[in-house]
Amino acid sequence: MNKKLGAIALVGASAVVLAGCSGGTAAAPEEPSTGEVTVWLVGTDTPQTARDYLVDTFAEENDGWTINIEEKTWADVSDTYTAALSSNDAPDVVEVGNTQALGFADAGLFADLSDIEGELGDMVQGLVDAGTYDGSLYAAPYYAGGRIVFYTPQIVGDTLPATLDEYVAQGTAITTDTVSGIFAPGKDWYNALPYVWANGGEIAVQDGDVWDAQFSSPESITGLEMLQDVYENASVAPVDGNERLGNIAFCAGEVGFLSSPAWAEGNLTGAWPWGDEAAGEEVSEGCPDTYASDLSAFALPGMTAGETAPIFAGGSNLGVAYKSDAPEKAKAALAIMLSEGYQELLAAQGLVPGLLSAASALPDTASAKAQGEALANSKGTPASPKWSEVEAAQLIPDALVKIAQGGDVAAIAAELDTSIEAILND
């Protein structure tokens, strides 16, 4: 039980125990016979086929009830989710990043899913761990994703790098005033971590109850200096930008190596337009045939030939709001999202499904193979409920921007470690 819930503790999904209340157990109000379950999804990762499947299946299985899907941004997860989930008008089911799930569980904002966990099938263990707090599941696996390196011989030639050093060198060799050999905007911290990890560095390690941030270790400094070399000599991406425009630049012939989630293949081929015209974002209709026809991908190489670099194990989890006014229906919606039919639609899009049995639906493509190789050597962020606060504070992206601008790596790393420890050890 989440101790932060104070006197109110969730029992299954149908009753609460009120400390000091005569009678001991008070039955939860019965859910109405009709209503609407609100599901928050982040970005465009979930394909329309899956959204339609959820809406239709839920309506068929829950007479009188409907699903309302609202699309949010990753900025919303950091900036507005806590207030929304704490309100009396909370959404019912929400998608969060796998690194953020523990923070919401620790704050008492997610309902305990232990009562339905056994019905959800065999799930990706890493995502199960990411959503487990105090021994109970609070956020179920949704999907996982790994970053791979997209390329076209039209830009990089036919020879691929066998090591991370060769990758940087080849990226530098093909960089011009308008072409990034390696697309590396300063705020893209997911793609920065492999340089640290490949050189033996870490983000932070736990010693007892104390977290020790490690960006200033000799190994991490070596990785960050390699990354600074990329910023300065192998990339013309905005030093204060993020990864959002990588696909657009690639299709314009302005990128040699693009490290991006495997599902981005649909953006590059035009099978899945990327962006939101209504929001004023550029929309990718896919690369010209010159690039799309021979598009391929590989796993980021490590320091030794034949090995891959550790990549960030990305992904999402699903939580049911503790303050949902229809928790049973919310869990029914979540169960559909973990069903084989739904998860296979995610897999078809190139997302590694949270349900293991749906993995057979992954496409048989170079990008899918590369993602499998990359995820076999993947790592996550520190398993602390407070890690989401580190992300919300934008500490790592801000530090990387300073490094991309030519700042002193050791000094920046030391300052970053101090800031991370202040949050994790508070």
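The basis for the numbers below is simple: all heavy atoms, side chains too, and nothing from hydrogens, waters or symmetry mates. Quantities reported herein were computed from a predicted structural model and do not represent experimental measurements. We count residues from 1, following the sequence as given.
- Ring geometry, Y167 versus F298: the interplanar angle exceeds 60°, so the pair is classed perpendicular (tilted spans 30 to 60°).
- Side-chain atoms of D417 come within 3.5 Å of backbone atoms of S216 as a donor-acceptor pair (strictly under, hydrogens ignored).
- Residues L400 and L227 form a side-chain contact, since some pair of their non-hydrogen atoms from C-beta on lies under 4.5 Å apart.
- Listed by first and then second residue, the side chain to side chain donor-acceptor pair (under 3.5 Å) pairs that reach into residues 191-203 are D188-N191, N191-S259, E202-K379, sequence neighbours excluded.
- Side-chain atoms of Q343 come within 3.5 Å of backbone atoms of Y142 as a donor-acceptor pair (strictly under, hydrogens ignored).
- Put simply, the side chain of S78 reaches to within 4.5 Å of the side chain of Q100, judged on heavy atoms.
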Could you walk me through whether D89 and S87 pass the side-chain hydrogen bond (donor to acceptor under 3.5 Å, both in side chains) check? CA-CA 5 Å; D89 189 28; S87 74; 5.8 Å; no

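- Judged by distance alone, the side chain of T222 and the main-chain N or O of P218 form a donor-acceptor pair under 3.5 Å.
- Taking 4.5 Å as the limit, some side-chain heavy atom of I423 sits within range of a side-chain heavy atom of L395.
- Between Q228 and G407 the shortest heavy-atom distance is NE2-O, 2.9 Å.
- Summarising the geometry of A130 relative to A101, their closest heavy-atom pair is O-CB, 3.5 Å, with the distance given to 0.1 Å.
- At least one side-chain heavy atom of V39 sits under 4.5 Å from a side-chain heavy atom of I67.
- Proximity of T99 to S388: side-chain heavy atoms (C-beta onward) are nowhere separated by under 4.5 Å.
- Remark: the backbone N or O of V236 is paired with a side-chain donor or acceptor of S180 at under 3.5 angstrom.
- Put simply, the side chain of F58 reaches to within 4.5 Å of the side chain of K329, judged on heavy atoms.
- The two residues F215 and L224 come nearest to each other via the heavy atoms O-CD1, 3.8 Å.
- Formation of a donor-acceptor pair under 3.5 Å by the N425 side chain with backbone atoms of V210 is not found in this model.
- At least one donor-acceptor pair under 3.5 Å links the side chain of S217 to the backbone N or O of S220.
- Side chain of Q170 to backbone of T159: a donor-acceptor contact under 3.5 angstrom is found.
- Put simply, CH2 on W40 and NZ on K72 are 4.5 Å apart, with the number rounded to the nearest 0.5 Å.
- A donor-acceptor pair is defined here as one N or O able to donate and one able to accept, closer than 3.5 Å; such a pair exists between the side chain of T175 and the backbone of G181.
- Shown here for P185 and A237, the closest heavy-atom pair between the two residues is N-CB, 3.7 Å.
- Counting only N and O atoms by type, the side chains of E340 and S357 include a donor and acceptor under 3.5 Å apart.
- The shortest distance between side-chain heavy atoms of N247 and L258 falls below 4.5 Å.
- To the nearest 0.5 Å, atoms CG (N233) and CD1 (I182) are separated by 10.5 Å.
- A salt bridge links R51 to E71: one of the charged nitrogens lies within less than 4.0 Å of a carboxylate oxygen.
- Counting only distance, with no hydrogens or angles, the side chain of S235 and the backbone of Y231 share no donor-acceptor pair below 3.5 Å.
- When every heavy atom of A399 is checked against every heavy atom of I412, the shortest pair comes out as O-CG2, 3.6 Å.
- The two residues S316 and L127 make their nearest non-hydrogen contact at O-CD1, 4.0 Å.
- Every side chain to side chain contact (heavy atoms under 4.5 Å, CB included) that T308 has, sequence neighbours left out, goes to A299, N377.
- Ring geometry, Y133 versus Y138: the interplanar angle exceeds 60°, so the pair is classed perpendicular (tilted spans 30 to 60°).
- Aromatic ring pairs are classed by plane angle as parallel below 30°, tilted from 30° to 60° and perpendicular above 60°; the pair F312 and W189 is tilted.
- Counting only distance, with no hydrogens or angles, the side chain of K323 and the backbone of S86 share a donor-acceptor pair below 3.5 Å.
- Inspection of the T73 and D76 side chains reveals an N or O donor paired with an N or O acceptor under 3.5 Å.
- Counting heavy atoms from C-beta on, the side chains of N317 and F110 never come closer than 4.5 Å.
- Shown are T46, D45, N98; of these, the side chain to side chain donor-acceptor pair (under 3.5 Å) with Y143 is made only by D45.
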